[in-house]
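This report concerns only the one structure given below.
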Amino acid sequence: MNPKWDKPKSKISASRKLSLKMLLLTRACEDLEKEKLEREEEKVRYLGEKLPPLQLSGLSLDELQKLCKQLHEKIDVVDEERYDCEHKVVKHNKDIHELKLKVQDLGGKFKKPALRKVRVSADEMMRALLGSKHKGSMDLRANLKSVKKEDVKQDKVLTSEVGDWRKNVEAMSGMEGRKKMFDTGGGAQ
């Protein structure tokens, strides 16, 4: 047994570890509660600064109309700010996505997903490309050249007639062979 590979035994007992975990969890829950309360207080304080309580009692019609116009102006300003913030968030998200793609390209570790093999007939392919415009069926085998078995047999006979090349060379050698070549060539023309 190698002492390097053995795990060192913990100096803290299991019950002590459990109690420490429980203390940490309770502390974390308390901190979350405090953060929620602080956020609520901050929200109330901010709304108190931005929106003072309305005094509607005892106002004339003209004063109410002015107040409504002021509130509409404030709403427009807030909507513009919200739109600007949303636009910035969208722009930053696009930038982040583009930078992630650049990092992947530079790292070279981007793996293309494996493509599935799909069997599609010519008719299905044309329907997918042209949609409902595709009418009739396309039989690709109809356009193929048909080969007769007799033509194949004749080709084999012609190649077998050639025979041994040494016999042809001996027959065509010398002046007699050349004369035969010219006689056969001249007769054909």
Side-chain angles (χ1 to χ4, degrees), residues 4-143:
K4 290 182 181 178
W5 300 108
D6 291 339
K7 278 189 172 181
K9 292 192 176 184
S10 177
K11 294 180 182 178
I12 301 174
S13 66
S15 60
R16 178 74 175 150
K17 282 184 185 179
L18 185 62
S19 63
L20 288 174
K21 283 182 185 178
M22 294 299 291
L23 287 173
L24 285 172
L25 285 174
T26 54
R27 181 70 184 254
C29 289
E30 290 172 0
D31 289 344
L32 284 174
E33 294 281 333
K34 285 181 185 178
E35 285 181 20
K36 284 181 184 178
L37 290 174
E38 288 174 1
R39 284 184 194 153
E40 288 294 324
E41 290 172 1
E42 180 68 22
K43 184 178 178 182
V44 170
R45 185 188 60 77
Y46 180 79
L47 289 176
E49 289 176 4
K50 295 291 180 177
L51 293 174
L54 294 176
Q55 298 288 333
L56 298 178
S57 59
L59 294 178
S60 67
L61 185 61
D62 290 336
E63 291 173 345
L64 285 175
Q65 286 177 347
K66 287 180 186 178
L67 182 63
C68 286
K69 287 180 184 179
Q70 288 175 355
L71 290 176
H72 277 289
E73 289 173 2
K74 287 182 180 181
I75 290 171
D76 289 340
V77 169
V78 169
D79 279 343
E80 288 175 6
E81 289 176 4
R82 181 184 54 82
Y83 177 78
D84 290 341
C85 290
E86 286 177 357
H87 185 70
K88 284 180 184 177
V89 168
V90 168
K91 183 181 176 185
H92 288 305
N93 285 341
K94 285 181 182 178
D95 291 341
I96 288 170
H97 181 68
E98 289 173 1
L99 290 173
K100 280 183 181 179
L101 290 177
K102 284 183 181 178
V103 167
Q104 285 179 347
D105 289 343
L106 291 175
K109 293 183 180 178
F110 181 73
K111 294 181 181 178
K112 292 182 182 177
L115 298 176
R116 295 185 303 146
K117 292 182 181 179
V118 180
R119 294 188 124 192
V120 180
S121 69
D123 292 332
E124 291 173 356
M125 194 179 307
M126 292 303 289
R127 267 190 237 115
L129 292 173
L130 300 176
S132 61
K133 296 178 185 177
H134 175 64
K135 294 179 182 175
S137 66
M138 177 186 287
D139 187 15
L140 296 176
R141 294 183 184 182
N143 297 333

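Just so it is clear, the structure is predicted and the values come from calculations on it, not from any experiment.
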Residue from Asp84, Val77, Asp79 passing side-chain contact (heavy atoms from CB on, under 4.5 Å) with Glu81: Val77
Electrostatic pair Lys102:Glu98 at N-O distance under 4.0 angstrom: no
Gap separating the NE2 atom of His97 from the CG atom of Asp95, nearest 0.5 angstrom: 11.5 Å
Gap between atom CG of Leu71 and atom CG of Asp76 - 0.5 Å precision: 11.0 Å
Reported NZ-to-CZ distance for the pair Lys36 and Arg39, which is rounded to 0.5 angstrom: 8.5 Å
OG-CD distance between Ser60 and Glu63, expressed to the nearest 0.5 angstrom: 3.5 Å
Separation of Leu67 CG from His72 NE2 (nearest 0.5 Å): 10.0 Å
Value rounded to 0.5 Å, distance of CZ in Arg16 from CG in Leu18: 11.5 Å
Stepwise side-chain contact (heavy atoms from CB on, under 4.5 Å) test for Leu23 and Arg27: CA-CA 6 Å; Leu23 287 173; Arg27 181 70 184 254; over 6 Å; no
Candidate pair Glu42 and Arg45, rule salt bridge (Lys or Arg N to Asp or Glu O under 4.0 Å), full reasoning: CA-CA 5 Å; Glu42 180 68 22; Arg45 185 188 60 77; 2.3 Å; yes
